[in-house]
Amino acid sequence: MEKQKVVLVPEITLNSGHKMPAIGLGTVAHPMPQPDHLTSILVDAIAAGYRHFDTAAMYGSEEAVGKAVAAASRSGLIKNRDEIFVTSKLCIRDTERDLVLPALKKTLRKLGLDYVDLYLVHWPIRIKQSANPYNVIGGEEMLHFDMKQVWEAMEECSNLGLAKSIGVSNFSSSKLSKLLDFAIIPPAVNQVEMNVAWQQERMLEFCKEKKIHVCGWSPLGANGALWGTLAVMDSPILRQIAAARNKTVAQVALRWIYEQGASPIVKSFSKERMKQNLEIFEWELTDEEKCKIRTIPQAKGLTGEMFVFPEGQYKSLEQLWDGEI
């Protein structure tokens with residue numbers, strides 16, 4: 001039986017000094033596979049060459065990620081845990097100073113790991129402990145998100161060695177700017193929605209200037225999610241480029257993100273597509289192709305409207321995104 005070729009993924013160096021693989025595999029889906037099946041999928045991903053796995057307390061996939069890392073180590077796919085970069089995220093129920101460290105320790109128990117490589121504040125949001133993060137039913141379930149206090153607790157996680165790097169997710173550049181005013185340890189990453197149909201030019205420019213790396217979730221438009229869009233995978237421009245270059249539409253979309261200096265967090269549980277999505281590093285888009293991609297109409301997919309209430313901290317989408325929508 002022919003041995004599967006392992007794609008070698010380039011690494012980028014974060015402002016923390018730690019290296020991160022330039023593409024990550026997301027581990028959330030609706031509905032989620034059974035835990036053992038998900039673990040098997042993730043082991044297949046490691047065999048293909050993925051070395052960065054993106055999970056979160058809210059996803060319910062932390063245990064599967066940890067088991068996949070352990071299984072890959074036992075089988076010799078990897079020499080040790082240090083070869084895998086694990087990102088997890090703080091649940092919006094736990095975005096309060098005294099809850100951050102216990103939340104990370106719970107995540108580490110589920111992962112079966114001593115540390116995460118990257119720990120992110122999932123949203124600049126705080127909800128009651130009794131609330132469902134996926135179904136906030138009213139403004140009375142929203143609490144005040146104190147960015148300074150939460151970040152101080154994140155810095156403690158870093159100082160304790162429980163998170164090699166720390167960062168944020170779904171922060172506007174305005175919120176990032178406020179965070180940088182008081183942060184002792186600057187965020188290494190801002191993970192945001194990014195794809196050819198939501199190109200994040202302002203965010204990329206701001207983060208480049210501040211040496212914050214951008215990771216892009218929904219790089220293919222999250223087709224299949226309730227809020228997903230076909231604007232990426234059905235884009236006539238991407239289809240034309242893909243046909244001309246003998247690439248898949250997904251490969252063109254992911255390569256474009258990589259060429260912007262960002263790292264895509266791609267989600268596919270199909271063995272063949274997982275392999276294809278890694279094959280984006282040994283070719284380049286032409287200037288003409290990139291110019292065509294810039295003409296794709298722009299629209300945000302996940303607006304965050306589920307966190308906007310008249311009596312909440314954010315009374316409008318404008319407030320949540322500080323006008324960056």
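Along the sequence shown, residues carry numbers from 1.
When atom types are taken as modelled, the side chain of E83 and the backbone of K79 share a donor-acceptor pair closer than 3.5 angstrom. Although no hydrogens or angles enter the test, the distance criterion places a donor-acceptor pair under 3.5 Å between the side chain of N190 and the main chain of F171. Within the 3.5 Å criterion, the main-chain N or O of P124 finds no donor-acceptor partner in the side chain of N170. A donor-acceptor contact shorter than 3.5 Å links the side chain of E193 to the backbone of G301. Remark: the backbone N or O of E140 is paired with a side-chain donor or acceptor of K128 at under 3.5 angstrom. At distances below 3.5 Å, at least one donor-acceptor pair connects side-chain atoms of Q251 with backbone N or O atoms of Q276. Of the possible donor and acceptor atoms, none in the side chain of W151 sits under 3.5 Å from a partner among the backbone N and O of I184. Q313 places a side-chain N or O within 3.5 Å of a backbone atom of F145 that can act as its donor or acceptor partner.
Contact check for Y258 versus P10: side-chain heavy atoms found under the 4.5 Å cut-off. For the pair F182/M147, a side-chain contact is recorded, criterion being any heavy-atom separation below 4.5 Å from C-beta on. Counting heavy atoms from C-beta on, the side chains of K67 and L111 never come closer than 4.5 Å. Counting only heavy atoms from C-beta outward, the side chains of V249 and S235 never approach each other to under 4.5 Å. Looking at heavy atoms from C-beta onward, S169 lies in side-chain contact with W217 at the 4.5 angstrom threshold.
Listed here is the closest heavy atom pair of K175 and Q319: NZ-O, 3.3 Å. Here the closest heavy-atom approach between residue S174 and residue E324 is recorded as N-OE2, 3.1 Å. Counting all heavy atoms, side chain and backbone alike, L176 lies closest to P187 at CD2-CG, 4.1 Å. Taking all atoms of both residues into account, the shortest heavy-atom contact from P264 to A22 is CD-O, 3.4 Å. Taking each heavy atom of K89 and Y59 in turn, the nearest pair found is NZ-OH, 3.2 Å. Residues I185 and E155 approach most closely at N-OE2, 2.7 Å, considering heavy atoms.
Heavy-atom contacts from other residues, nucleotides or ligands closer than 6.0 Å to CG of L8 number 12 or fewer. At most 12 heavy atoms of other shown residues, nucleotides or ligands fall within 6.0 angstrom of atom NZ in K110. Atom CZ of R245 has more than 12 heavy atoms from other residues, nucleotides or ligands within 6.0 Å. Around the NZ atom of K105, the shell of radius 6.0 Å holds no more than 12 heavy atoms that belong to other residues, nucleotides or ligands. Remark: E205 CD is loosely packed, at most 12 non-hydrogen atoms of other residues, nucleotides or ligands lying under 6.0 Å away. Other residues, nucleotides and ligands contribute only 12 or fewer heavy atoms inside 6.0 Å of the CD atom of E305. Within a 6.0 Å radius of CG in N80, more than 12 heavy atoms belonging to other residues, nucleotides or ligands are found. Within 6.0 Å of CG on D181 lie more than 12 heavy atoms contributed by other residues, nucleotides or ligands.
Atom CE of M20 sits about 9.0 Å away from atom OG of S165, to the nearest 0.5 Å. I92 contributes atom CD1, which lies 4.0 Å from atom CD1 of I127 (distance to the nearest 0.5 angstrom). Distance OG1/T55 to CD1/I265: 11.5 Å, rounded to 0.5 Å. Between atom CD1 of residue I241 and atom CH2 of residue W256 there is a gap of 11.5 Å, rounded to the nearest 0.5 Å. Here the CG atom belonging to L220 is positioned 8.5 Å from the OG atom belonging to S268, to the nearest 0.5 angstrom. Taken from NZ in K267 to CE in M274, the straight-line distance is 10.5 Å, to the nearest 0.5 Å.
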Next item on the list: Could you check S177 against F206 for side chain to side chain contact (heavy atoms under 4.5 Å, CB included), going step by step and ending with a plain yes or no?
Entry: CA-CA 9 Å; S177 184; F206 177 86; 3.9 Å; yes
Note to self: What verdict does the side-chain hydrogen bond (donor to acceptor under 3.5 Å, both in side chains) test give for E62 and T107, after you've listed the backbone C-alpha separation in whole Å, the side-chain angles of each residue and the deciding distance to 0.1 Å?
What the structure shows: CA-CA 7 Å; E62 290 173 324; T107 278; 2.7 Å; yes
Next item on the list: Before giving the answer on side chain to side chain contact (heavy atoms under 4.5 Å, CB included), spell out for I23 and F281 the whole-Å C-alpha distance, their side-chain angles and the decisive distance to 0.1 Å.
Entry: CA-CA 10 Å; I23 188 170; F281 298 111; 4.0 Å; yes
Note to self: Let's go through R51 and I46 carefully: what are the C-alpha distance in whole Å and the side-chain angles of both, what is the deciding distance for side chain to side chain contact (heavy atoms under 4.5 Å, CB included) to 0.1 Å, and is it a yes or a no?
What the structure shows: CA-CA 6 Å; R51 292 296 181 267; I46 294 171; 3.4 Å; yes
Check: Given the rule in the salt bridge (Lys or Arg N to Asp or Glu O under 4.0 Å) test, do D117 and R81 qualify, once you have shown the distances and angles that lead to the verdict?
Finding: CA-CA 11 Å; D117 296 275; R81 176 265 180 270; 2.9 Å; yes
Next item on the list: Go through L108 and D114 one step at a time and tell me if the side chain to side chain contact (heavy atoms under 4.5 Å, CB included) criterion holds.
Entry: CA-CA 6 Å; L108 292 173; D114 296 328; over 6 Å; no
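By the rule that hydrophobic residues join a cluster once side-chain heavy atoms approach within less than 4.5 Å of another member, I166 and L180 end up as members of one cluster. Residues I257 and I293 are members of one and the same hydrophobic cluster, defined by side-chain heavy-atom contacts under 4.5 angstrom among Ile, Leu, Val, Met, Phe, Trp and Tyr. V192 and L25 fall within the same hydrophobic cluster, where Ile, Leu, Val, Met, Phe, Trp and Tyr residues are linked whenever their side-chain heavy atoms come under 4.5 Å apart, directly or through other members. No continuous path of hydrophobic side-chain contacts links Y115 to Y119 [ILVMFWY only; heavy atoms under 4.5 Å]. In the hydrophobic clustering of ILVMFWY residues, with side-chain heavy atoms under 4.5 Å counting as a link, L99 and V136 come out apart.
Aromatic rings of Y314 and F307 (six-membered ring for Trp) have centroids beyond the 6.0 Å cut-off, not under it.
Residues satisfying the salt bridge (Lys or Arg N to Asp or Glu O under 4.0 Å) test with E288, not counting sequence neighbours, are K292. Among residues two or more places apart in sequence or in another chain, the side-chain hydrogen bond (donor to acceptor under 3.5 Å, both in side chains) test is passed with K315 by none.
With respect to the salt-bridge test (charged N to carboxylate O, under 4.0 angstrom), the residues D146 and R97 do not qualify.
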